[in-house]
Protein chains: 2
Amino acid sequence: MSPRIGLDLPTILEAATEIADTQGFDQVTLAAIAQKFNIRPPSLYNHVNGLQGIRQLLKLHGLTILHSNLSQAVQGKNGDEAVHALSDVYMAFARMHPGLYEATIPAPEVEDQEAVMLGEQIVRIFIEVLQTYGLDQEMSIHATRGLRSICHGFASLEQQGGFGIPLDLDLSQKLVLNSFLAGLQQMKNLL
Amino acid sequence: MSPRIGLDLPTILEAATEIADTQGFDQVTLAAIAQKFNIRPPSLYNHVNGLQGIRQLLKLHGLTILHSNLSQAVQGKNGDEAVHALSDVYMAFARMHPGLYEATIPAPEVEDQEAVMLGEQIVRIFIEVLQTYGLDQEMSIHATRGLRSICHGFASLEQQGGFGIPLDLDLSQKLVLNSFLAGLQQMKNLL
DNA sequence: TTCCAAAAACTAATGTCGTTAGTTTTATAA
DNA sequence: TTATAAAACTAACGACATTAGTTTTTGGAA
């Protein structure tokens, strides 16, 4: 029932990930992957649903790692400590896996249930961390959007070479987070 | 000295912009542009340096509009009012010209002096607005990075369909900005 | 041990791109 | 009226994704 066990999906995904992270997400082509294994591009269709399939897998892979890392990072933490841990791990992922990070950005198609769920779980981690600030339901969603925007904005601008001035980026990230969190505290006190 | 005045660069740029904003930046192809004018793709090389040239033009065009809009928006304003005006105009641009906005994100090549300068001028607008908060040189850079990250993060996540929950996005943006600005005030008071 | 079915590779072919080279057309300026 | 130069064209090539159909291979059944 299993003749010719050649390439398998994890191996292909690994190769695609390496191309994405070293050469850029847009350099992930069937031709480039096939070349890595010394096979012809059409052979990849035995394992994967074309280029679109590869991209879908990369997105899922990226979301899985990101979710796992974020989840671990906030274990046993709350408040500012948890927020900073979240942001640190988020940035670390974007830096270590730029191609994979890029793959995670566009919202998955509704067909891709697994990716949709992972995306929701990631958002839930953010929400839960921010709920410890004593915000009501709606405010915690607004705050989550803010925190995600800060994280993604920083990661994206850094990745795209948007920060030209030579001044410690980690420090910027910390200060900006503290600013945002101080503001949150103040809003909570106004309730 | 000017035989056969056919297509001109502004017209081509207009067509490319329309494709980018309605079908996505990655749908801007020489083939698609050529089709709009009923000419063959190679003819475009008489006006433009290939696909790379088109993308460069789109970036420049986007940065020009964005800079102009931001510049107007902060005229005669300062403090929170200026920051909110900045963010409102920024989001409005990203929403009205999603393709153009996408084109502006990757930092231009050093060869592209004009685009580099426009990018710097845009950053300067942010810095100048934030300097009215009485921050020192370095802090105003950190704060600028934060404000840009919030703006870009919001715009990018919204554009990529990252905000699923049906809750007023403009309100989120306002609240997040207020949070960040309140935090800034607090940091200033600590000096 | 032999053989067959299915998995996984292959070749061939098509269509879409971008791009280069070389040719033809055409409007204007002399 | 004519020469020139811009701007279109055709032809051709290489990179890519994709489909269809073919060959190879191997593990398990006979």
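Heavy-atom basis, side chains included; hydrogens, waters and symmetry copies ignored. Just so we're on the same page: letters track the sequence lines, and every chain starts at 1. None of these values were measured; they are calculated from a predicted model.
If you check the side chains of B:Y133 and B:D80, you find a donor sitting under 3.5 Å from an acceptor. No side-chain N or O of A:N46 forms a donor-acceptor pair with one of A:S43 less than 3.5 Å apart.
The nearest whole Å value for the distance from the CZ atom in B:R40 to the P atom in D:dA7 is 18 Å. Taking atom CG of B:D8 as the reference point, atom P of C:dA27 lies 17 Å away to the nearest angstrom. Between A:I33 atom CD1 and C:dA9 atom P the separation is 14 Å, expressed in whole Å. Distance A:I39 CD1 to D:dT24 P: 18 Å, rounded to the nearest Å. Whole-Å rounding puts the B:Y45 OH to D:dA12 P distance at 19 Å. Computed from coordinates, the A:R55 CZ to D:dA17 C1' distance equals 10 Å when rounded to whole Å. Distance A:L51 CG to C:dG15 P: 20 Å, rounded to the nearest Å. Computed from coordinates, the A:L44 CG to D:dA17 C1' distance equals 11 Å when rounded to whole Å.
When distances run from any side-chain atom of A:P42 to the nucleotides C:dG18, D:dT19, D:dC16, the shortest one goes to D:dT19.
One finds no side-chain N or O of A:S43 lying less than 4.0 angstrom from the OP1 or OP2 phosphate oxygen of C:dA8. Between C:dA9 and A:H47, a contact under 4.0 Å exists linking OP1 or OP2 to a side-chain N or O.
By the 4.5 Å heavy-atom criterion applied to side chains, A:Y90 and A:H152 are counted as neighbours. Residues A:V129 and A:N78 have side chains not in contact (no heavy-atom distance under 4.5 Å, counting atoms from C-beta outward). Side-chain contact between B:V74 and B:E128: absent, with no pair of heavy atoms (C-beta onward) separated by less than 4.5 Å.
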Step-by-step salt bridge (Lys or Arg N to Asp or Glu O under 4.0 Å) determination, B:D170 to B:R95: CA-CA 12 Å; B:D170 292 321; B:R95 284 170 182 155; 3.1 Å; yes
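The aromatic rings of A:Y101 and A:F93 lie perpendicular to each other, with more than 60° between the two planes, well past the 30° mark.
A:N49 comes within 4.0 angstrom of no nucleic acid atom, judged by non-hydrogen atoms across all strands.
For B:N46 against D:dA6, a side-chain-to-base donor-acceptor contact under 3.5 Å is absent.
Between the axis at the start and the axis at the end of the helix from C:dT1-D:dA30 to C:dA30-D:dT1 there is an angle of 20°, using five pairs per end and rounding to 10 degrees.
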